[in-house]
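Residue numbers start from 1 in every chain, and the chains themselves are labelled A, B, ... in the order their sequence lines are given, proteins ahead of strands.
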2 protein chains.
Amino acid sequence: MSVKRKSTTDAVEILHQRFFKGQPERLKALEEARADDEVARKIFELRKKAGLTQAQLAKMIGTTASVISRLEDADYEGHSLAMLRRIAAALDKRVEIRFVPVRRSA
Amino acid sequence: MSVKRKSTTDAVEILHQRFFKGQPERLKALEEARADDEVARKIFELRKKAGLTQAQLAKMIGTTASVISRLEDADYEGHSLAMLRRIAAALDKRVEIRFVPVRRSA
DNA sequence: TAGTCTATTCGCAAATTTGCGATGTGGCAA
DNA sequence: TTGCCACATCGCAAATTTGCGAATAGACTA
């Protein structure tokens, strides 16, 4: 996510063009990318609502601003539960994971 | 989780003795351990409901049985979103992450 | 313009997770 | 008992994530 170069909204549009208009075999990749984007956006929103800069949040969880920036990058795929929990803990939240059924299309 | 040596229930009891009766400073560690236990159990239940053995699920996501066993271990802390998604995808599910508020006690 | 603040990106080392075979155990059936 | 099957655990290499400083850029203000 960003203030300039690559907004989350843009990322979604780019993804749409890149995958949706392409072959349907790539739908799985789309879903994964979307899920990453979702996590990135959630972290971003959580931080914003808390009124923190990346550097401030970073300090709270014992890391640096560039790490937070990476986590909020819509293209980043390396999220770990451990990291999500560190962020959640700093913001008085807890991470809830659910496996929800997905409609199997034809 | 297991069929013999270390049941999930036992793990919870052990955790209780190890942390709860100990110093309150370790409450954070408790929460983390519990969250891991929760993920482990969810994977276990998902697999069971699908009527699969560890080896079968492993094959579906392109890994081996020992890996699944490790993921279902209540003490394992290394869950990644990528792995959860691989499992979810194999079982026609998707992973939903939520940051839920936690009551800040005195 | 210079200075400051916020955020992105790069590069590489360190830490962590994953892959996977080998080994051991318990349950169950022949 | 012997032979499987399902699972747990160990050990180590390979892959991935994290840590973090440095460089870059846009926005804003003095």
Side-chain angles (χ1 to χ4, degrees), chain A residues 1-11 14 32-33 35-37 39-41 43-90 95 97, chain B residues 1-11 14 32-33 35-37 39-41 43-90 95 97:
Chain A
M1 309 343 230
S2 66
V3 167
K4 40 169 186 283
R5 269 175 252 180
K6 172 189 52 184
S7 80
T8 296
T9 302
D10 286 348
I14 290 169
E32 287 170 10
D36 287 320
D37 174 54
V39 175
R41 181 155 21 194
I43 294 174
F44 172 81
E45 287 175 3
L46 215 54
R47 177 172 67 79
K48 279 302 179 188
K49 282 181 183 170
L52 299 170
T53 64
Q54 294 181 336
Q56 290 175 319
L57 175 57
K59 193 170 186 178
M60 292 175 80
I61 67 171
T63 187
T64 58
S66 61
V67 171
I68 303 297
S69 178
R70 183 165 49 197
L71 293 176
E72 294 181 355
D73 182 336
D75 292 332
Y76 183 67
E77 299 182 355
H79 304 276
S80 71
L81 243 44
M83 182 58 94
L84 294 186
R85 288 197 193 116
R86 284 165 64 185
I87 293 175
V95 179
I97 279 80
Chain B
M1 319 333 236
S2 65
V3 168
K4 41 173 183 276
R5 269 175 252 180
K6 173 189 51 183
S7 78
T8 297
T9 303
D10 285 347
I14 290 170
E32 286 171 9
D36 287 322
D37 173 54
V39 174
R41 182 154 22 195
I43 294 174
F44 171 82
E45 288 174 2
L46 215 55
R47 178 172 65 79
K48 280 302 180 187
K49 282 180 183 171
L52 299 170
T53 65
Q54 293 181 336
Q56 290 176 320
L57 175 58
K59 194 170 186 178
M60 292 174 79
I61 66 171
T63 186
T64 57
S66 61
V67 171
I68 302 298
S69 178
R70 181 165 50 198
L71 293 175
E72 293 181 359
D73 183 336
D75 292 332
Y76 183 67
E77 299 182 356
H79 304 277
S80 72
L81 242 45
M83 182 58 93
L84 295 187
R85 287 195 194 119
R86 284 166 64 186
I87 293 176
V95 179
I97 277 79

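Look at CD1 on Ile68(A): it is 12 Å from C1' on dA7(C), rounded to the nearest Å. The distance from atom CG of Asp75(A) to atom P of dC10(C) is 11 Å, rounded to the nearest whole Å. In this structure, Asp73(A) places its CG atom 9 Å from C1' of dT9(C), rounding to the nearest Å. Counting to the nearest Å, the C1' atom of dA6(D) and the CZ atom of Arg47(B) are 9 Å from each other. Look at CG on Leu57(B): it is 10 Å from P on dC7(D), rounded to the nearest Å.
The Thr53(B) side chain lies nearest to dA6(D) when the options are dC20(C), dG21(D), dA6(D).
Looking at every heavy atom in both residues, Ile68(A) comes nearest to Ala58(A) through CG1-CB, 3.7 Å.
Checked against salt bridge (charged side-chain N to carboxylate O under 4.0 Å, His left out), Arg47(A) has the following partners two or more places apart in sequence or in another chain: Glu72(A). Taking the side-chain contact (heavy atoms from CB on, under 4.5 Å) definition, one finds that Ala65(A) meets it with Gln54(A), Ala55(A), sequence neighbours left out. For Arg86(B), the side-chain contact (heavy atoms from CB on, under 4.5 Å) criterion is met by Ile61(B), Thr63(B), Met83(B), not counting sequence neighbours.
Residue pairs that meet the ring pair (Phe, Tyr, Trp, His ring centres under 6.0 Å) test with at least one member in residues 47-74 of chain B, sequence neighbours left out, do not exist here.
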Between protein and nucleic acid, restricted to nucleotides 16-19 of chain D and to nitrogen or oxygen atoms under 3.5 Å apart, what atom pairs and distances do you find?
unit_1  : atom_1 : unit_2   : atom_2 : d
dT17(D) : O3'    : Gly78(A) : O      : 3.2
dT18(D) : OP1    : Ser80(A) : OG     : 2.9
dT18(D) : OP2    : Tyr76(A) : OH     : 2.4
dT18(D) : OP2    : Gly78(A) : O      : 3.0
dG19(D) : OP1    : Arg86(A) : NH1    : 2.9
dG19(D) : OP1    : Arg86(A) : NH2    : 2.9
dG19(D) : OP2    : Thr63(A) : OG1    : 3.2
dG19(D) : N7     : Arg70(A) : NH2    : 3.0

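Proximity of Lys48(A) to the phosphate of dT6(C): no side-chain N or O atom is located under 4.0 Å from OP1 or OP2.
Ile87(A) places a side-chain heavy atom less than 4.5 Å from the side chain of Leu71(A).
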